[in-house]
Structures are given as structure tokens and as C-alpha cells.
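Basis for what follows: all heavy atoms, side chains included, without hydrogens, waters or symmetry-related copies.
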Amino acid sequence: MPTCTSQSASPVKTMQDLVRSLNEAMGSGGLGDDLCTVRKVKQLMHTYASQSDDWAQHAVYHEGTRYTRNLVDDGNGKYNLLILVWGEGQSSPIHDHAGSHCMMKLLAGELDEQLFAWPQDGSLELRRTTPLRTNSVAYMHDKIGLHRIGNPSLTARAVSLHLYSPPYNMCKTFDESTGAAVQSICTAQKLTNLMSSSQTYACSAGFAADPAMAMPQGSAITSI
């Protein structure tokens, strides 16, 4: 294990502070293979205490979708930061992360993370289920396995903050009973950037909930 030196960091009181601190921590290289940077970024995510006034305007949700993915900062091109809003009782498919790091912080509500081993002999093995509560932080990478995130509440939505480094717009989703994989994509809309009044692109998807983005029946590509 690498020896990581600790450095004093600026207080992380707001999400704007968090974004600035993340930019400083990752510099121009993103997370890459530096485990010390991964640990530092995870600690920064822990340090920020969720305040709905920081992120409520970015927590866009479309009725009838499982969840939405809203880009609030595109970092330096080496990572991006998204807010996901999860409908009541809804979950993601089992998926990989296209070789990227995934850091997730729960901003409101509750989520369950199910960790799966990569498929062998046509099946997926559930290794563990981890309950996440407000301000919990989780880390995921393809080297660890696959996962599925779900909102166990049937009466309340959940909101989570996700950091992906490097950013990606395609991954694989997996059938739990067969282990079969398909390529999956997300769609885009515009939102106000968290750090300024400018406009930036956002991912907002829930299994091709937008009819205009739905793939033909039998297609090998779906929306996640």
C-alpha cells in the first residue's frame, strides 16, 4: 500500500467549496492510478455535509423515470460531477464503469448498493449489500466488480452526488439471471453550471425514458 502524505485543506462547507477542492486535489490528471489521490478525494467527499440549499436546483427529476443524471460540473475534462435523483423504489441496472473511478455520496434519503462479481459460467454472484444513508460515501471501480444502486424507500426519493474519472457516456449493463451484457448510453439536456451562471450539458436518463431517445426493440444498445 502506498504511503500518502496528509496536507491541510481548505474547509469544505458548501458544494462550491467541494468542487474547488476536488479540482485542486486532482489537478490536470484526474484520479488516474494514484491511490493517494483516490483517498484524498474520498475524504473530501466525506468532509462535505449535505445541505439541500447547495444542490436542490440541480436535483432535476422527471416523473415516470427510474432516476435522472444531472451534470453539475465538468471539472477539467478529466472527471465530471453529477447529481442523480432516484424515484421511489427505483434502481439502476447492474453495470460496470467503463474502466473509470466512481465516487458516490448520498445527499438525501437512502440507497442500497449491491456488489456483484464479474459474470462467470453465465451467472452473477451477489457478494454483499451495503445500505447507504445521508452523507455516506462509497467508491467503485471495475477492479472491484459490478454494482446496482437502488432506492429501497417506496415513499421518498433519494439524491446522490457522483464523481466519475475519467468521464464516460457508455458502459455495460448486465442481466442478473444470465450474466449477458449490453452496451448502454445516457442522454443529454442543459442545466445551469453549479459554479457559474453559464450553461452546461447534463445527462438525464432512466432506461430510455425519453421516447425520442428510445432504441428500437431488439437493439443491443440501451439507456441507463
Side-chain angles (χ1 to χ4, degrees), residues 2-32 34-61 67-87 97 100-113 130-141 147 149 151-153 156-167 189-204:
T3 300
C4 303
T5 58
S6 60
Q7 297 179 343
S8 58
S10 302
V12 180
K13 297 181 178 180
T14 67
M15 191 173 293
Q16 287 83 355
D17 291 339
L18 177 60
V19 171
R20 293 187 187 98
S21 296
L22 290 172
N23 276 313
E24 292 173 3
M26 288 186 281
S28 61
L31 285 179
D34 185 353
L35 293 181
C36 291
T37 302
V38 172
R39 292 177 184 175
K40 184 174 183 179
V41 167
K42 187 174 183 179
Q43 182 58 42
L44 286 171
M45 297 281 272
H46 270 295
T47 302
Y48 169 67
S50 177
Q51 304 174 76
S52 60
D53 288 347
D54 283 348
W55 48 259
Q57 70 271 31
H58 305 286
V60 177
Y61 182 74
Y67 58 91
T68 55
R69 296 161 51 89
N70 307 294
L71 177 67
V72 294
D73 192 82
D74 58 5
N76 53 13
K78 299 296 185 180
Y79 79 95
N80 58 15
L81 201 63
L82 286 76
I83 284 179
L84 275 66
V85 184
W86 304 82
H97 292 87
S100 293
H101 300 272
C102 170
M103 201 82 70
M104 178 178 69
K105 181 183 181 73
L106 190 56
L107 299 177
E110 53 185 317
L111 292 171
D112 289 336
E113 180 190 31
T130 304
L132 304 173
R133 302 300 178 255
T134 300
N135 286 315
S136 295
V137 175
Y139 171 76
M140 189 61 183
H141 192 278
H147 75 174
I149 303 296
N151 178 6
S153 174
R157 294 173 187 162
V159 182
S160 53
L161 180 69
H162 296 242
L163 183 150
Y164 299 106
S165 180
Q189 67 178 6
K190 286 187 176 181
L191 286 180
T192 301
N193 189 291
L194 181 66
M195 301 298 287
S196 70
S197 60
S198 63
Q199 296 293 306
T200 187
Y201 283 98
C203 285
S204 177

Kindly indicate whether the side chain of [X], heavy atoms from C-beta on, has any atom under 4.5 Å from the side chain of [Y].
X: Met104; Y: Leu84; answer: no
X: Arg20; Y: Asp17; answer: yes
X: Met103; Y: Val38; answer: yes

- Go through Met26 and Leu163 one step at a time and tell me if the side-chain contact (heavy atoms from CB on, under 4.5 Å) criterion holds. CA-CA 12 Å; Met26 288 186 281; Leu163 183 150; 3.7 Å; yes
- Walk me through it: do Ile83 and Val159 pass the test side-chain contact (heavy atoms from CB on, under 4.5 Å)? CA-CA 7 Å; Ile83 284 179; Val159 182; 3.7 Å; yes
What distance do [X] atom [atom1] and [Y] atom [atom2] have between them, rounded to the nearest 0.5 Å?
X: Leu18; Y: Lys13; atom1: CG; atom2: NZ; value: 14.5 Å
X: Leu31; Y: Cys36; atom1: CG; atom2: SG; value: 12.0 Å
X: Leu111; Y: Ile149; atom1: CG; atom2: CD1; value: 6.5 Å
X: Leu132; Y: Glu113; atom1: CG; atom2: CD; value: 6.0 Å
X: Met15; Y: Ser50; atom1: CE; atom2: OG; value: 6.5 Å

- Task: List for me each residue that meets side-chain contact (heavy atoms from CB on, under 4.5 Å) alongside Asp112, sequence neighbours excluded, and say none if there are none.
- Result: Thr129, Pro131, Arg133, Pro152
- Item | Partner set under side-chain contact (heavy atoms from CB on, under 4.5 Å) for Ser52, not counting sequence neighbours | Trp55
For [X], side-chain hydrogen bond (donor to acceptor under 3.5 Å, both in side chains) partners two or more places apart:
X: Thr130; result: none
X: Lys42; result: none
X: Asn23; result: Tyr79
X: Ser160; result: Trp86, His162

- If every non-hydrogen atom of Pro166 is compared with every non-hydrogen atom of Ser100, which pair is closest and at what distance? O-OG, 2.6 Å
- Item | Closest approach of Ala25 to Thr37 (non-hydrogen atoms, all atoms of both residues) | O-CG2, 3.8 Å
Any donor-acceptor N/O pair, [X] side chain to [Y] backbone, under 3.5 Å:
X: Ser165; Y: His101; value: no
X: Asn70; Y: Ala59; value: no
X: Asn151; Y: Ala156; value: yes

- Item | Single hit among Leu82, Asn80, Leu81 for side-chain contact (heavy atoms from CB on, under 4.5 Å) with Pro167 | Asn80
- Message: Tell me every residue that passes ring pair (Phe, Tyr, Trp, His ring centres under 6.0 Å) with His46, counting only those two or more places apart in sequence or in another chain.
- Response: none
- Go through Asn135 and Lys105 one step at a time and tell me if the side-chain contact (heavy atoms from CB on, under 4.5 Å) criterion holds. CA-CA 6 Å; Asn135 286 315; Lys105 181 183 181 73; 3.4 Å; yes
- Message: When you compare the side chains of Tyr48 and Asp54, does any donor N or O come within less than 3.5 Å of an acceptor on the partner?
- Response: yes
- Message: Test side-chain contact (heavy atoms from CB on, under 4.5 Å) on His97 and Met140; report intermediate values, then the result.
- Response: CA-CA 8 Å; His97 292 87; Met140 189 61 183; 3.6 Å; yes
